[in-house]
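Structure first, commentary second.
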Amino acid sequence: MTRHDGRRPDELRPYRIEPDYLEQAHGSALVTCGKTIVLCTASIDDSVPRWMSGRGKGWMTAEYGMLPASTGDRTPREAAGKQKGRTVEIQRLIGRALRAVTDFQALGERTVWLDCDVLQADGGTRTAAISGAWVAAARALDRFGLSRTLTDSIAAVSLGIVDDELLLDLDYVEDSAAEVDANIALTGDGRLVEVQATAERVAFSRERMNDLLDLAEAGLEQIAELQRESAGKELVRD
C-alpha cells in the first residue's frame, strides 16, 4: 500500500527536532513532524506544590495548547481553568508520560513546567508534544546540573488502521478515516508507559493490537535516536 503522501505503511513523516529553539527558555525543542509543528519548553522553578512541601522531592507538570490559527480556521484561545476536555486530557497525558522517567528525589524540591504549544496541527500533536517535551526537559535539567533526574528517554507516536491496513504516524486525513486510532508512548529501553487505542467503527482483535505495538516500537526507535542526538547525549542512569 502506498499512502496519499507517498509513504510506506511503516514510515514516519519527515521528523525533525531542533533543540534550544528559544534563547531565554531553560530548555526548548521545536518538533516538526510532517506538517505538524509543536514548540516545547521546560522551565525549572525552585519550589513545589504546597502538598509536596518538605518531602525533599520535586514535581513535573505539563500544559498544552493550540495557537488560534494552528488548524487554519481561527480557534479562540483557552483561558486557564476554562480548558476543553481534550486539552486537559492531553496535558495529563504529557505529564504522566514524562513523570514515568523522572527521579523526583534527584530533582529535589523543584518543579519542572513543560509547556507544549501547537503552532500547526496536522495530526499527532500530542505524541509530538511528548517527544519534544522530553528533549526540552533534558536540556533544562542538564543546564542546572540535574540531568540525573531523567532515568530514561520517552517518545510517543500515533498510528492506526485505515482501510484494514496498519499505518504508522497518521496525519489528519488518515486519522479522520481510521477504523482504529492509537497513541503509544515507550521508554528508551522499550517499556510501555501509555497505550491508547480506540475502535472508531469496528472492534479489533488482540492480534491486531499486538501488530500495532510492534509497528509503534519500530517507529519509536527512530524517534528515540533523534531525541538522543538533540539532547546532546544519552541520559541513562548508571
Side-chain angles (χ1 to χ4, degrees), residues 1-17 30-38 40 64 66 70-73 85-87 89-90 92-94 96-97 100 116 118-135 153-229:
M1 176 183 176
T2 301
R3 299 159 75 170
H4 74 95
D5 58 2
R7 284 186 291 151
R8 300 186 312 274
D10 61 350
E11 187 176 356
L12 293 169
R13 287 175 285 179
Y15 206 108
R16 186 171 71 253
I17 304 175
L30 184 74
V31 180
T32 302
C33 177
K35 295 180 181 179
T36 289
I37 306 172
V38 183
C40 303
Y64 166 98
M66 299 180 69
S70 60
T71 58
D73 295 330
R86 175 183 180 276
T87 300
E89 174 202 347
I90 293 174
R92 290 175 177 170
L93 169 63
I94 298 167
R96 282 198 308 271
C116 303
V118 179
L119 309 187
Q120 184 166 277
D122 186 38
T125 61
R126 70 187 69 191
T127 54
I130 290 170
S131 301
W134 182 85
V135 174
S153 63
I154 185 162
V157 72
S158 67
L159 62 161
I161 301 175
V162 181
D163 293 332
D164 205 36
E165 184 82 24
L166 273 69
L167 302 180
L168 181 68
D169 190 15
L170 305 182
D171 62 16
Y172 179 77
V173 171
E174 294 169 333
D175 185 64
S176 300
E179 296 106 57
V180 175
D181 64 63
N183 299 294
I184 294 173
L186 202 68
T187 63
D189 65 1
R191 290 170 296 145
L192 290 165
V193 172
E194 194 82 25
V195 178
Q196 300 179 342
T198 304
E200 299 288 354
R201 300 174 188 173
V202 181
F204 60 103
S205 67
R206 172 70 175 270
E207 289 74 22
R208 292 294 257 176
M209 185 70 241
N210 291 338
D211 291 339
L212 284 170
L213 289 170
D214 290 341
L215 181 62
E217 186 174 17
L220 288 169
E221 287 178 0
Q222 300 174 53
I223 296 174
E225 181 59 32
L226 291 173
Q227 287 178 306
R228 287 190 286 269
E229 293 173 0

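Predicted, not measured: the structure shown is a model, and the values here were computed from it.
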Okay, side chain of Asp169, backbone of Arg13: is any donor-acceptor separation there less than 3.5 Å? yes

Measuring only between side-chain heavy atoms, which start at C-beta, is Glu174 closer than 4.5 Å to Arg7? yes

Counting only N and O atoms by type, is there a donor-acceptor contact under 3.5 Å from the side chain of Ser158 to the main-chain atoms of Gly124? no

Roughly how far, to the nearest 0.5 Å, is the CD1 atom of Ile184 from the CD1 atom of Ile130? 11.5 Å

Counting only heavy atoms from other residues, nucleotides and ligands, does the tally under 6.0 Å from OH of Tyr172 exceed 12? no

Would you call Glu225-Arg228 a salt bridge at under 4.0 Å N-O? yes

How many angstroms lie between CG in Leu12 and SG in Cys33, if you round to the nearest 0.5 Å? 7.0 Å

Can you find a heavy atom in the side chain of Arg208 that is under 4.5 Å from one in the side chain of Val180? no

In short, Arg86 meets Thr125 closest at the heavy-atom pair NH2-OG1, 3.7 Å

For Glu11 and Leu168, indicate whether the former's side chain and the latter's backbone hold a donor-acceptor pair under 3.5 Å. no

Mind checking the CG-CG spacing from Leu159 to Asp175? Nearest 0.5 Å is all I need. 10.5 Å

Do Asp214 and Leu166 make a side-chain contact, defined as non-hydrogen atoms from C-beta onward lying under 4.5 Å apart? no

Measuring only between side-chain heavy atoms, which start at C-beta, is Arg206 closer than 4.5 Å to Asn210? yes

Taking Lys35's backbone N and O only, do any of them form a donor-acceptor pair with Gln120's side chain (distance below 3.5 Å, no angle check)? yes

Decide yes or no on salt bridge (charged side-chain N to carboxylate O under 4.0 Å, His left out) for Glu165 and Arg3, but give the supporting numbers first. CA-CA 10 Å; Glu165 184 82 24; Arg3 299 159 75 170; over 6 Å; no

Supply the atom-to-atom distance Ser153 OG to Leu220 CG, rounded to the nearest 0.5 angstrom. 9.5 Å

Check whether any side-chain heavy atom of Leu192 lies under 4.5 Å from a side-chain heavy atom of Leu186, and answer yes or no. yes

Closest non-hydrogen atom pair between Arg201 and Ser176, with its separation: NH2-O, 4.0 Å

side-chain contact (heavy atoms from CB on, under 4.5 Å) test vs Tyr15 passes for just one of Thr36, Ile223, Thr32, namely Ile223

From Leu167 atom CG to Asp181 atom CG, the distance as rounded to the nearest 0.5 Å: 12.0 Å

What are the two closest heavy atoms between Ala129 and Cys40, and how far apart are they? O-SG, 3.7 Å

Test item: Val135 and Leu226 side chains (from C-beta on) under 4.5 Å apart, heavy atoms: no

Point-to-point distance, once rounded to the nearest 0.5 Å, from CZ of Phe204 to OG1 of Thr198: 7.5 Å

Which atom pair, heavy atoms only, marks the closest approach of Ala97 to Ile154? O-CD1, 3.2 Å

How about Glu89 and Tyr64: do any of their side-chain heavy atoms sit closer than 4.5 Å? no

Find out whether Glu194 and Arg126 are in side-chain contact, i.e. whether some heavy atom of one side chain is under 4.5 Å from a heavy atom of the other. no

Expected output: side-chain Gln227 to main-chain Ser131 donor-acceptor under 3.5 Å: yes

Residue pair Thr71 / Ala121: nearest heavy atoms and the distance that separates them: CG2-CB, 4.0 Å

